[in-house]
Structure formats: structure tokens, C-alpha cells
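For reference, the structure is listed below as C-alpha cells.
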Amino acid sequence: SYSAGSKRLSHLKNPMFQIDEFACGTICRMRARLGLLFILLLTVLLHAQAEVEITSEPSHHQIFENATVRVFKVEIPARAATLLHRHRHDYFFVALAPATISSEVPGEPPSTLKIQQGEVHFAQGNFAHAAKNLSDQSFPHVTVEYLKDVAAHKTPPPKWDEERALHVHMNGTQDVLFVKDGIRVSDFQLQPGGMVHNQHHPGPRLIVAVSDVDIRSSASGKSTPIQLKPGEVKWLPGGGTDMLMNAGKNSARWITLEFH
């Protein structure tokens, strides 16, 4: 028995088998590493393949475009997300309902934002993300891309006389929120019959309706009706002075983006 056991022990100590075991361990480790590398590359490729232009993202519906802005009406269903899409320009978005949103940029931790109706946010472009609605109700909003952002970065537009202010008008208010890329953003709220008297507009402006809007713009003796549903927009030329009146039966709220 000792002799047989010695043979078995000698057999196990055979250098040939030690080399085989070493080679097997090395190969297994290499295969495991290659497998992890393959999964990582596949994940990167899937992300790259999933990225789409904003115009091809199904939740984004273009509703207006000119040489200055491109506007999208966006609606993200409850507990749903957009596709990974690219923003090539700086943009503003106006919330039409409250929501909690997660912005997910590949390679970065998600950023969560709790938003109230009528809030306006600004983001610098040239990035891709997916927007996920964490709420139990849909999240409608309006995205306004500024198509002249590169020029604004190189040559900043003139400064506004006010970049943050609250004006009390006849049965209404104008909250000047902020200025980005030379664009001044204001939140207007007018009760029925409320008026904004004689405001001068050196450049054009974009009105984004947060609620139903039924207002009249009066300039040089001419009255122009502006009737919008939530999420609809109106581009108005600049260079004049006008008065706005809420001609509707309900309070009206809209966001104005003013351009030089």
C-alpha cells in the first residue's frame, strides 16, 4: 500500500501536471477578463447605437423654427423615459406640470430635479442624455433651443437693464427670472382684465403659454389677439412698444424669452 501511495503521490507531483494546472488557471483568468472586456465594449456600443438626434426622439415634437430658435413640445409618460438623445444647442425648458425628473448622461451619476408648473430651466448644449419621468403623471414641457448659442458665446450680447426683478402691473405680475446667452426670461401672470402697460421691446420675443392664454397686444393703435393653449408658442417681432391685456375669463400665465 505504501508503494502504491508513493506512486500516486509521485504522480501528483509530476511537473507536467503542475504546468497543466498553471496553464489552465492562467487561461481561465484570461477568458474571464476577456469576457468582462466584451461585456464592457458591448455596453459602450449599445449606448452609442441608442443615441439619436433630438429631432428623431419620439417624445419631442417640433412645433416652431426660425433662424433664432427651434421649439419642441415634449411629453414624457408617467414612469417612462426618453431615448438617449443629443442636445447640440443651449436650451431652455418650460414645465407645464409638476414632476420629478432624472437626467441620465452616460458615464455620469443621474441628476434628479423636482419641478413645479411654470418653472423655467436652462442647460448648456453639446451633450446627450435620457430624461426619465419618476412621477405618476405625465410630464409635458416645452424645449426651446437657441440656434445662435455659438455666436453668443464668442460675442456676448448687450446686457439688459434688469436681469432679476419683480414688476407689479394692473392685476398681474412680471417676474424677471434670469438671463442666459443674452436671453431674458420672464414669468407673466395676469388676472382677467389685467394689463401690462407700454413695454418697449428692442428685439423679438417668444411667448410660451403655461395656461390657456387669451391676450391682446395693442401697439400704434392696432390690437392683435394672441390665443394659445398650454405648450403653444408665439413669435413676436421687436422694435416697438406695446400694451398687453388679458381678454379672457380666466387668469393667464406665460413665459417670455426676450432677444436682443
Side-chain angles (χ1 to χ4, degrees), residues 63-71 89-96 118-122 142-248 250-260:
I63 58 174
F64 179 79
E65 182 177 6
N66 61 15
T68 304
V69 298
R70 184 167 59 172
V71 184
H89 297 281
D90 295 355
Y91 68 96
F92 303 80
F93 73 89
V94 180
L96 303 178
E119 281 190 18
V120 187
H121 292 265
F122 171 83
V142 175
T143 293
V144 181
E145 286 189 318
Y146 183 39
L147 303 181
K148 297 182 177 180
D149 53 344
V150 174
H153 296 165
K154 291 180 179 178
T155 307
K159 287 189 175 293
W160 292 91
D161 54 346
E162 292 178 326
E163 296 192 358
R164 187 73 180 94
L166 177 63
H167 297 285
V168 178
H169 299 290
M170 178 180 170
N171 292 331
T173 58
Q174 174 192 358
D175 190 357
V176 181
L177 301 175
F178 58 84
V179 174
K180 291 292 185 181
D181 286 351
I183 303 166
R184 184 166 67 175
V185 181
S186 293
D187 181 356
F188 284 86
Q189 299 187 52
L190 285 183
Q191 297 299 316
M195 301 176 70
V196 178
H197 287 282
N198 299 328
Q199 284 197 329
H200 179 67
H201 305 284
R205 57 196 154 132
L206 180 74
I207 291 178
V208 181
V210 176
S211 68
D212 286 336
V213 170
D214 183 3
I215 57 178
R216 290 188 175 274
S217 171
S218 300
S220 304
K222 182 181 178 181
S223 179
T224 303
I226 301 174
Q227 296 178 323
L228 303 170
K229 295 293 184 182
E232 294 181 342
V233 301
K234 179 72 173 179
W235 181 266
L236 298 175
T241 300
D242 69 357
M243 178 189 73
L244 297 176
M245 182 185 75
N246 182 1
N250 300 304
S251 61
R253 185 179 186 184
W254 69 91
I255 302 297
T256 295
L257 279 66
E258 296 178 273
F259 303 83
H260 279 291

side-chain contact (heavy atoms from CB on, under 4.5 Å) evaluation trace for His169 with Gln199: CA-CA 11 Å; His169 299 290; Gln199 284 197 329; 4.0 Å; yes
Roughly how far apart are [X] [atom1] and [Y] [atom2], rounded to 0.5 Å?
X      : Y      : atom1 : atom2 : value
Lys229 : Asp212 : NZ    : CG    : 4.0 Å
Gln189 : Arg253 : CD    : CZ    : 4.5 Å
Glu163 : Lys180 : CD    : NZ    : 9.5 Å
Met243 : Met195 : CE    : CE    : 3.5 Å
Ser186 : Glu162 : OG    : CD    : 9.0 Å
Asn198 : Thr241 : CG    : OG1   : 7.0 Å

Chi angles and distances behind the side-chain contact (heavy atoms from CB on, under 4.5 Å) call for Val71, Leu206: CA-CA 10 Å; Val71 184; Leu206 180 74; 4.0 Å; yes
State, to 0.1 Å, how close [X] and [Y] come at their nearest heavy-atom pair, and which atoms those are.
X      : Y      : result
Glu232 : Gln227 : OE1-O, 4.3 Å
Ala152 : Asp181 : CB-O, 4.0 Å
Ile255 : Val210 : CG1-CG2, 3.8 Å
His260 : Gly182 : CD2-O, 3.6 Å
Leu190 : Met170 : CD2-O, 4.2 Å
Leu147 : Glu65  : CD1-OE2, 4.2 Å

For the residue pair [X] and [Y], establish whether any side-chain heavy-atom pair is separated by less than 4.5 Å.
X      : Y      : result
Val176 : His167 : yes
His153 : Asp90  : yes
Asp175 : Arg164 : yes
Asn171 : Asn246 : no
Lys148 : Phe259 : no

Ion pair Asp149/Lys154, N-O distance below 4.0 Å: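 No, no charged N to carboxylate O under 4.0 Å.
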CA sep, side-chain torsions, deciding dist, call: Val144, Leu257, side-chain contact (heavy atoms from CB on, under 4.5 Å): CA-CA 9 Å; Val144 181; Leu257 279 66; 4.0 Å; yes
Test item: Asp242 side-chain N/O and Ala219 main-chain N/O as donor-acceptor pair under 3.5 Å: no
Greater than 12 external heavy atoms within 6.0 Å of Asn250's CG: no
Qualifying residue for ring-ring contact (aromatic ring centres under 6.0 Å, His included) with His121, from Phe92, Phe93, Tyr91: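 Filter result, single survivor: Phe93.
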Trp254 and Phe188 aromatic ring geometry - parallel, tilted or perpendicular at 30°/60° bounds: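 Rings of Phe188 and Trp254: parallel, as their planes differ by under 30°.
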Parallel, tilted or perpendicular, as decided by the 30° and 60° cut-offs, for the rings of Phe64 and Trp235: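 Taking Phe64 first and then Trp235, their aromatic rings lie parallel (interplane angle under 30°).
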